[in-house]
Amino acid sequence: MRFFIFLGTWLWCTALWSQLTIQVTSVPANTPPGATIYAAGTFNNWNPGDAAFDLVQQGGQYSITFTPSVGTHKFKFTRGAWSTVEGDANGNFLPDRTVVYNGQPATVALSILSWEDTGGTGGSTAAPNVEVLDDDFYIPQLNRTRRIWLYLPPGYDTSAKRYPVLYMHDGQNLFDDQTSFSGEWKVDEALNNLHAQGDYGCIVVGIDNGGTNRLNEYSPWVNAQYGGGQGGAYVQFIAETLKPHIDSLYRTLSGRHSTGIMGSSMGGLISMYAFSERQDVFSRAGIFSPAFWFAGNNSANHTAANPKEGDARVYFLAGGQEPASVTQNMQAVASALLTAGFGTDEQYLLVEPDGQHSEWFWAREFPDAYQWLFQGAVTSTTAPETFPLELFPNPSNDWIRLAYATEPTDMRLQIWNAAGVLLRDTTQTGHSPIFVGDLPAGYYVLRVQVPGAPWRVGKFVR
């Protein structure tokens, strides 16, 4: 009996003392009085305000003791949000800190040099043609708000051109080191440089991640350990709330042919889902270092189960320094695209040997991915009503959509059969799907007209 008591006590002591302690020995002089300092890293899904990882203050020092998994962990200190993350000596972006935990008791002593929002000489790194469209854009599908970024191509204000649009996740990391939690993609610098070399231009809409809701929003499928399940509502928000808002305010090429979606890691997972689920909205998708592992086989199965509705382009990217499963899962989803009816020329799969699961890698590869994705996306600089009519899905079952009709404007609609007989002449809004389930199998011509514009004509198979 004494042996078992001793063994239990020894195990309890081992568990108690085999912990990692992180000490902060000094903080910037301009740290707000009473501020709570948090550790955010791979050990808590990069949650910048996780109450379980706030540091205990004793005098002028702070510390936290916990037991992470064995291995290498990256982390940073914050004051509760990524907008208040620590910076370097000049108040600029500080690369991730790294600690190696081997399962034995360990103490790491560190200093916080500055806070990006209060210290040093550093300022925003975003280009002048980047703005915050709204700090609190309402997401009715999830009953929460989010910061939305907007990049407009150089010369937008003096041009009458309409532009393709790319929707991107993790908006904090796209344009500005000051708001990034692990470096920026430099999307604005990349597109400005390409524009100077003759690129047509593209509008980029950046959507901040939801912090603690990031994993929930970036997967429509639930992971028993990490969450998920809100991805469908999040994609619905982009397609049915945010996109119509952007199209109503800016000169966009609003059809699916000119609309893309892109993200990395979990952002890659939700971008793939959005592309397959809403082919009426997106025809171009950038899938960087996708975290398909999060959803098991669901991503590949979902892709295969959603047949091709129109021409598309999907760019897959992974790094050779990432776990082999990233590439393997990515290849499985790329194969599922073939099952869904897409051609090999509609996807591009790249694995760069030196690539890592990191913003510097995605920033480096972004220009090439953008150029491949949006090749041929610009078909006209005039109003979208003059474009050829795109119909999706085609062939159709019961419903069909107008790819370029994003306005809530009433439009006249006619359906003719192959014999030239007018079957329907009615009016409906551009947002609404068109019911064709009452038509016999065959070939049809659809004509639509927005007031003041010429007729547009398309063909579909029922």
Side-chain angles (χ1 to χ4, degrees), residues 40-42 44-50 81-82 137 139-149 166-174 179-182 184-185 187 204-243 260-278 281-282 284-303 306 314-318 322-323 325-326 329-330 332-333 357-359 362 366:
T42 53
N44 68 340
N45 293 320
W46 292 100
N47 183 348
D50 189 344
W82 289 118
F137 194 94
I139 305 177
Q141 292 82 359
L142 294 168
N143 193 29
R144 57 186 66 130
T145 62
R146 196 62 42 77
R147 180 171 54 187
I148 305 295
W149 300 75
L166 176 61
Y167 291 85
M168 298 185 69
H169 316 291
D170 290 316
Q172 297 98 322
N173 290 4
L174 302 179
T179 60
S180 168
F181 57 84
S182 52
E184 61 155 309
W185 282 46
V187 169
V204 178
V205 180
I207 309 159
D208 271 15
N209 68 57
T212 56
N213 284 311
R214 182 176 184 269
L215 297 181
N216 294 328
E217 293 178 0
Y218 284 5
S219 174
W221 305 287
V222 175
N223 179 295
Q225 182 176 359
Y226 296 109
Q230 298 177 3
Y234 173 71
V235 168
Q236 185 182 11
F237 157 68
I238 299 174
E240 300 179 13
T241 301
L242 181 58
K243 183 180 185 300
I261 191 163
M262 179 182 286
S264 63
S265 194
M266 288 296 294
L269 184 155
I270 196 62
S271 293
M272 191 66 229
Y273 171 83
F275 166 80
S276 293
E277 184 72 14
R278 296 304 302 265
V281 176
F282 306 106
R284 299 160 197 274
I287 315 299
F288 284 18
S289 300
F292 290 139
W293 63 267
F294 185 94
N297 295 324
N298 284 311
S299 292
N301 292 341
H302 179 264
T303 300
N306 283 270
V314 182
Y315 192 103
F316 293 99
L317 172 73
E322 299 185 75
S325 59
V326 174
N329 293 336
M330 187 175 73
V333 173
H357 201 85
S358 178
E359 269 68 22
W362 304 325
F366 171 79

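All values below were derived from every heavy atom in this structure, side-chain atoms included, with hydrogens, water molecules and symmetry-related copies excluded. From a predicted model like this one, the values you see are computed outputs, not experimental measurements.
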Relative to the ring of Y234, is the ring of H169 parallel (under 30°), tilted (30 to 60°) or perpendicular (over 60°)?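 Geometry flag for Y234 against H169: tilted rings.
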
Using the six-membered ring wherever Trp is involved, compare the ring planes of W221 and H302 and label them parallel, tilted or perpendicular (cut-offs 30° and 60°). perpendicular

Could you tell me which non-hydrogen atom of [X] sits nearest to which non-hydrogen atom of [Y], and how far apart they are?
X: A332; Y: A300; value: O-CB, 4.2 Å
X: I261; Y: L166; value: N-CD1, 3.7 Å
X: A285; Y: F275; value: CB-CB, 3.9 Å
X: A40; Y: W82; value: CB-CH2, 3.8 Å
X: P220; Y: G232; value: CB-N, 3.8 Å
X: A295; Y: L269; value: CB-CD1, 4.1 Å

Quick check: does any side chain N or O of [X] sit under 3.5 Å from a backbone N or O of [Y], one acting as donor and the other as acceptor?
X: N143; Y: P140; result: no
X: N223; Y: F294; result: yes
X: N213; Y: N216; result: no
X: T179; Y: Q172; result: yes
X: N44; Y: G41; result: yes
X: N45; Y: N47; result: no

Looking at side-chain heavy atoms only, is the closest gap between [X] and [Y] below 4.5 Å?
X: P290; Y: M330; value: yes
X: R278; Y: E240; value: yes
X: I148; Y: I207; value: yes
X: V187; Y: F366; value: yes

Mind checking the [atom1]-[atom2] spacing from [X] to [Y]? Nearest 0.5 Å is all I need.
X: E322; Y: H357; atom1: CD; atom2: NE2; result: 6.0 Å
X: L317; Y: M262; atom1: CG; atom2: CE; result: 9.5 Å
X: L242; Y: Q236; atom1: CG; atom2: CD; result: 13.0 Å
X: Y273; Y: N306; atom1: OH; atom2: CG; result: 8.5 Å
X: S299; Y: F292; atom1: OG; atom2: CZ; result: 5.0 Å
X: S271; Y: I287; atom1: OG; atom2: CD1; result: 5.0 Å

Apply side-chain contact (heavy atoms from CB on, under 4.5 Å) to W293 and N329, showing your working. CA-CA 7 Å; W293 63 267; N329 293 336; 4.0 Å; yes

Just by distance, no angles: are the side chains of [X] and [Y] close enough, under 3.5 Å, to form a donor-acceptor pair?
X: W149; Y: D208; answer: yes
X: W362; Y: S289; answer: yes
X: E359; Y: S180; answer: no

Criterion side-chain contact (heavy atoms from CB on, under 4.5 Å) on M168 and V205, from CA distance to verdict: CA-CA 6 Å; M168 298 185 69; V205 180; over 6 Å; no

Before we go on, tell me: are the rings of F288 and W185 under 6.0 Å apart, centre to centre?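 Ring centres of W185 and F288 closer than 6.0 Å.
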
Audit row: F316, M272, side-chain contact (heavy atoms from CB on, under 4.5 Å) steps and yes/no: CA-CA 10 Å; F316 293 99; M272 191 66 229; 4.0 Å; yes

How would you list all residue pairs meeting salt bridge (charged side-chain N to carboxylate O under 4.0 Å, His left out) that involve residues 212-223, not counting sequence neighbours?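 Salt bridge (charged side-chain N to carboxylate O under 4.0 Å, His left out) check on residues 212-223 returns R144-E217, R146-E217, D170-R214.
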
Apply side-chain contact (heavy atoms from CB on, under 4.5 Å) to residues F282 and I238 and explain how you reach the verdict. CA-CA 11 Å; F282 306 106; I238 299 174; 3.9 Å; yes

